[in-house]
Structure formats: C-alpha cells, structure tokens
Protein chains: 2
Amino acid sequence: MEIPPVVIDRLPLYTRALASLEVQGREVISSQDLGTSLGVTPAQIRKDLSYFGRFGKQGRGYNVRKLLDELHRILGLDRQWRMALVGVGKLGRAILGYDGFRSQGFRIVEAFDVNPERVGRRVDNLTVRDATDLEPVLSKNPVDVGIVAVPAETAQDVIDVLIRCGVRAILNYAPIAARVPSGVYVKRIEPVLALQSMTYYLKNRPHAPIPTPRS
Amino acid sequence: MEIPPVVIDRLPLYTRALASLEVQGREVISSQDLGTSLGVTPAQIRKDLSYFGRFGKQGRGYNVRKLLDELHRILGLDRQWRMALVGVGKLGRAILGYDGFRSQGFRIVEAFDVNPERVGRRVDNLTVRDATDLEPVLSKNPVDVGIVAVPAETAQDVIDVLIRCGVRAILNYAPIAARVPSGVYVKRIEPVLALQSMTYYLKNRPHAPIPTPRS
DNA sequence: AAGTGTTTGTGCCCACAATTACAAACTGTT
DNA sequence: AACAGTTTGTAATTGTGGGCACAAACACTT
Ligand SMILES: NC(=O)c1ccc[n+]([C@@H]2O[C@H](COP(=O)([O-])OP(=O)(O)OC[C@H]3O[C@@H](n4cnc5c(N)ncnc54)[C@H](O)[C@@H]3O)[C@@H](O)[C@H]2O)c1
Ligand SMILES: NC(=O)c1ccc[n+]([C@@H]2O[C@H](COP(=O)([O-])OP(=O)(O)OC[C@H]3O[C@@H](n4cnc5c(N)ncnc54)[C@H](O)[C@@H]3O)[C@@H](O)[C@H]2O)c1
C-alpha cells in the first residue's frame with residue numbers, strides 16, 4: 001500500500017513521545033492522551049497507525065513498549081545508520097558535538113572539509129578528511145546518509161558527489177533547492193525560510209505583550 | 001481572505017529564487033522556468049501568487065524585481081525583525097556566527113545563557129546576558145522572535161518566559177512538542193525527525209550505488 | 001452475569017489543496 | 001495588420017487527507 005508522506009512524517013513524533021513515556025514508566029497510553037500531549041487529534045493518530053496494523057486494545061489503549069517497537073520496525077530505527085558530514089565549519093562542529101543523532105542510532109562515521117586548516121584535525125573522535133577524498137573513501141566504505149553543511153555555492157556539487165557515492169538520503173543545511181534524481185531523499189533544514197513564513201502572521205499585529213491564557 | 005498555510009510556506013522559497021535571479025541580472029521569469037528550478041509546478045506558483053494579486057503579464061511572465069518587492073511586502077520582509085537567542089551552547093554559537101539571518105533582515109539583538117562561564121562574554125558583537133535577566137530585559141526592550149537553543153528539559157520553561165515577554169514567534173531547536181497559546185507561532189527545527197522519516201524509505205532498499213540518470 | 005464506561009479501528013463524508021484546461025492578454029514576426 | 005507563439009489568471013475538476021461517528025471489543029464494578 002502507498003502510505004501518504006505526511007503520515008510517515010508524523011510517526012517519528014509519536015516515537016519520541018512514546019520513548020519519553022516509557023522512561024516515565026508508563027505502560028499504556030490512549031490515542032486521546034497521546035494526542036493532547038502532541039497537539040494532534042486522537043483520530044489522526046489512530047488512522048495513521050491503522051495503515052500499518054492493529055496495535056491497540058479497545059477499552060485500554062496502546063501498550064507503550066509494544067507500539068514503540070512496532071514504530072521502530074516500521075521506520076527502520078531498529079538498526080544503526082551510517083552518516084557522513086561534509087563541511088566542518090561552525091555549524092558542522094555543532095552537529096559533530098551533538099549527541100541527539102548518535103543516541104537515536106545515527107552515527108557520523110566520516111567528516112570532510114576543503115579547508116587545509118581543518119583537514120587532519122580531530123573533532124569529537126573523528127579525523128577530518130580532505131574533501132577530495134570524499135569519493136574514494138565513501139565508495140570503499142559506503143554511508144546511508146550525507147549531511148551537507150557547506151556554503152550554498154558548493155552545496156549542489158557536494159550533493160552530486162554524495163549521490164555518485166551511493167548516498168540515498170541527504171540532510172541539507174545549505175539554503176538551496178537541491179536537484180536530485182528520483183530515488184534520492186532530501187530533507188532541508190531551513191531556519192530562514194521558517195522565519196520568513198512566520199513574519200507573514202506577525203505583521204499587522206500589535207507588538208505589545210498580550211496576556212493570552214494557556215490554550 | 002484566509003490563505004492556506006502551505007501557500008505561505010512556499011512564498012519564501014519563491015522569494016529566495018527570485019533574489020538569486022535578480023543578482024544574475026534576470027529581469028523577467030515565467031512560472032514555467034521558476035517552477036522547474038524549484039521543483040514546483042508552474043500552475044502551483046501562479047495559483048499561489050493569485051491569492052495576493054495579479055503580478056504577471058501574459059506572454060512575458062513576471063518582472064523579477066517587482067514580484068520580489070511584492071513578496072517582501074506580503075511576507076513582511078520589508079522591515080527588520082528583532083530576535084533574542086536563548087542558549088549560547090555549541091548550536092547557539094553557530095547561530096550567532098551565521099550571517100544568513102542578518103542578511104535577510106533578522107537581527108539577533110540579545111543572547112542569554114545560564115552558564116556563569118558564558119555570561120558576560122562577548123560573542124559576535126553581542127554580550128551574553130544571564131538568563132535570569134531575560135524577563136526584565138525583554139519586557140523593557142521587546143523582540144519579535146525568540147530562538148530557543150537550550151536542552152530539551154528547560155525548553156518549555158524558556159518558551160513560557162518568552163511568551164510572557166510578548167514574543168509571538170519562536171524558532172525552536174529543542175526536540176520537544178512545545179505548548180503555546182493560540183496566537184503564538186512556533187517553527188521547529190528537527191533534524192532527527194527528518195532523518196527518522198527518511199529511513200522509512202531507505203529500509204528494504206539495495207545499499208549498492210545505483211547509477212540513476214538526472215531526472 | 002449484567003451493566004457501565006473506555007477506547008480502538010474504520011467507513012463515510014467533507015474540506016481543501018493540487019492539477020487541468022482554456023480564454024484572454026501580451027510579444028514578436030512577417 | 002494579421003498571425004503564430006507565449007504565458008498568465010482562474011474556473012472547473014480531481015484527488016487526497018482529516019475529522020466524525022459508531023460498532024465492536026475490552027476493562028471494571030456491582
Ligand atoms: N551556522 C548556522 O547556524 C547555520 C544555520 C542554518 C544554515 N546554515 C548553513 O550551513 C552551511 C554552513 O554554515 P556555517 O555557518 O557552518 O559556515 P562555515 O563557513 O563556518 O562552514 C562552512 C565549511 O564548509 C567548508 N567547505 C566549503 N566548501 C566545501 C566543499 N566543497 N567540501 C567540503 N567542505 C567545504 C568550509 O571550509 C567551511 O569549513 C551554510 O550553507 C549555511 O548557510 C548555517
Ligand atoms: N548541536 C546541534 O547540532 C543541534 C542540532 C539540533 C538540535 N539541537 C538542540 O539544540 C539545543 C542545544 O544544543 P547544543 O548542542 O547547543 O547544546 P549545549 O549543551 O552545547 O548548549 C546548551 C546551552 O543552553 C544553556 N542553557 C541551559 N538551560 C538554559 C536556560 N534555562 N536558559 C538559558 N540557557 C540555558 C546551557 O548553559 C548551554 O550553554 C538542544 O536542545 C539540542 O537538542 C542541537
């Protein structure tokens with residue numbers, strides 16, 4: 001069956017909430033409670049999950065551990081994923097030092113840069129390699145995901161090389177509309193675009209603090 | 001008229017492409033050409049723009065400069081926006097050092113942290129203030145946008161304080177489902193969730209490089 | 001065992017976003 | 001001035017995703 005991409009995009013959200021519930025020792029959760037904590041309607045959650053099977057129990061709800069396992073399996077989170085970072089600048093170093101990837105099974109196993117000052121230096125248990133070695137290194141030892149944190153001007157070139165190396169998924173921090181062949185998945189991280197759409201709603205509004213009650 | 005949020009989300013994309021075209025000296029662009037460069041159908045672009053007016057000319061297309069001005073006006077990008085950063089850690093420093101915000105009219109005018117080691121130090125022309133001063137400082141000198149780059153555990157508290165200070169838009173880097181009253185806009189930057197949805201498509205696929213033609 | 005209260009899974013309907021299709025408007029050429 | 005070629009703006013159509021509502025299933029109490 002063909003599952004709508006929006007549904008797939010919501011599943012990690014459920015996964016994260018469930019992981020938090022499990023840590024809290026919660027054994028069962030209803031779509032109602034999960035929904036209110038996430039700002040999603042209960043029916044939405046139930047329908048999303050129903051694409052993949054029947055995981056709940058009427059009158060009780062969902063077993064937290066079981067549903068979490070199922071979602072991990074569905075999303076392919078029951079294994080480790082190898083990633084390569086390209087561009088070890090300010091952002092790249094923040095990414096390397098970020099624990100949130102590894103703790104979720106995403107391991108950065110290679111890092112590349114063109115700057116001779118950076119190449120060869122160790123950053124967070126990794127030696128920065130020369131970007132010219134990108135193709136030989138990744139061809140021999142493939143990765144699943146490429147993280148692009150280079151300036152906009154070189155981003156498309158980097159992406160082209162990554163794809164030649166068999167990378168099928170790209171996390172792109174550079175502000176460009178990347179062109180990729182079908183079968184390659186790109187997710188953009190675009191804080192500026194996010195800001196530029198919020199201002200639409202801010203404009204024409206009073207600037208003074210409004211004491212709004214918790215909705 | 002009520003404009004669909006998805007439409008608003010696409011406008012910054014058009015803005016960026018048009019800005020690039022203007023730099024290149026291009027004076028006119030058709031929805032066809034703009035669409036192919038962005039991976040959006042021409043009809044989609046025309047319909048999106050038609051919500052706001054008639055900016056094109058049959059037989060020619062859109063005047064790049066004029067359309068860019070219109071979009072700036074529509075999105076509220078014809079002014080400067082004041083932002084406050086909370087959390088000057090690894091990511092926060094990368095954000096402070098990033099030129100992409102300021103060049104688009106988004107100025108970070110305050111930075112806060114709880115760590116006594118950070119407080120008082122100058123980072124990129126800004127003195128890091130103590131997080132306890134957040135409320136007094138922002139109440140006296142309001143900002144439009146709050147950038148949250150603190151650990152997940154304290155993120156909701158920080159967001160609550162920002163809202164009390166009249167902040168109506170939040171750019172949230174912390175991996176939590178923030179709860180905000182209606183009238184406050186939140187955009188999440190979630191690289192981990194992005195990865196976790198891509199793996200759904202990667203799983204069950206051959207790992208070997210596939211020589212795919214440029215689509 | 002019966003009754004009350006919960007909660008899931010899903011068929012159905014509705015809203016709305018995307019696409020199609022075309023008349024109208026404009027350009028450039030002969 | 002006529003004509004061929006473009007391209008916009010939008011009416012109409014299609015498609016799809018979200019919410020509603022309810023039967024069925026289960027828990028818990030009396
Ligand atoms: N810093 C942020 O908070 C932030 C936020 C959003 C987006 N971005 C984007 O992320 C990218 C990086 O930003 P930054 O602030 O780290 O910039 P930066 O200049 O600090 O780092 C860029 C790094 O990429 C390296 N590089 C350049 N070309 C390369 C190539 N072909 N191969 C490998 N490495 C190469 C440079 O040597 C440099 O080290 C930019 O596209 C920027 O727009 C940054
Ligand atoms: N580093 C990344 O690439 C990255 C990527 C995505 C998301 N994030 C998220 O961004 C946040 C920050 O990540 P980081 O890597 O910079 O962590 P970090 O630990 O380097 O920085 C966090 C900073 O926040 C400060 N802080 C803590 N509580 C505070 C409070 N109440 N008020 C003000 N400041 C406070 C800390 O003193 C510290 O300086 C985290 O939520 C993380 O999950 C980081």
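Reckoned from all heavy atoms, side chains included, excluding hydrogens, waters and symmetry mates. Sequence lines set the chain letters: A, B, ... in the order given, protein chains first and strands last, and positions in each chain run from 1.
- Distance, A/D48 CG to C/dT10 P: 13 Å, rounded to whole Å.
- Put simply, B/Y62 has no side-chain N or O that comes within less than 4.0 Å of OP1 or OP2 on D/dT6.
- The nearest whole Å value for the distance from the CD1 atom in B/I45 to the C1' atom in C/dA18 is 13 Å.
- A close approach under 4.0 Å does not occur between any side-chain nitrogen or oxygen of A/R46 and OP1 or OP2 of C/dT6.
- Contact check, B/R54 against D/dT10: a side-chain N or O comes under 4.0 Å of OP1 or OP2.
- Distance check, rounded to the nearest 0.5 Å: CG of B/L18 to CZ of B/R16 gives 11.5 Å.
- The side chain of A/S31 places no N or O atom within less than 4.0 Å of a non-bridging phosphate oxygen (OP1 or OP2) of C/dT7.
- Between B/K57 and A/K57, it is B/K57 whose nearest contact on DNA chain D lies nearer the 5' terminus.
- Inter-residue side-chain proximity for A/F106 and A/D144 is flagged as unmet; no heavy-atom pair is nearer than 4.5 Å.
- Atoms NZ and CZ, on B/K47 and B/R10 in that order, are 10.0 Å from each other to the nearest 0.5 Å.
- To the nearest angstrom, P of D/dT10 lies 13 Å from CZ of B/F52.
- Contact annotation: the side chain of A/Q156 approaches that of A/I176 to within less than 4.5 Å [non-hydrogen atoms, C-beta and beyond].
- Which of D/dC28, C/dA17, D/dG18 sits closest to the side chain of B/P4 comes down to C/dA17.
- Contact annotation: B/Q44 reaches the phosphate of C/dT19 (side-chain N/O to OP1 or OP2, under 4.0 Å).
- What separates CG of A/N63 from P of D/dC26 is a distance of 15 Å, to the nearest Å.
- Residues B/Q24 and B/S20 have side chains that bring a donor and an acceptor to within less than 3.5 angstrom of each other.
- For A/K47 against D/dG19, a side-chain N or O and a base N or O form a donor-acceptor pair under 3.5 Å.
- Spacing between atom CZ of B/F55 and atom C1' of C/dC26 amounts to 19 Å, rounded to whole angstrom units.
- Toward the 5′ end of DNA chain D lies the nearest nucleotide of A/T41, the other residue of the pair A/T41 and A/Q58 mapping further downstream.
- The distance between atom CD of B/Q32 and atom P of D/dG9, rounded to the nearest whole Å, is 15 Å.
- C/dT7 atom P lies 16 Å from atom CD of A/E27, rounded to whole Å.
- Atom CD1 of A/I3 and atom P of D/dT16 are 14 Å apart (whole Å).
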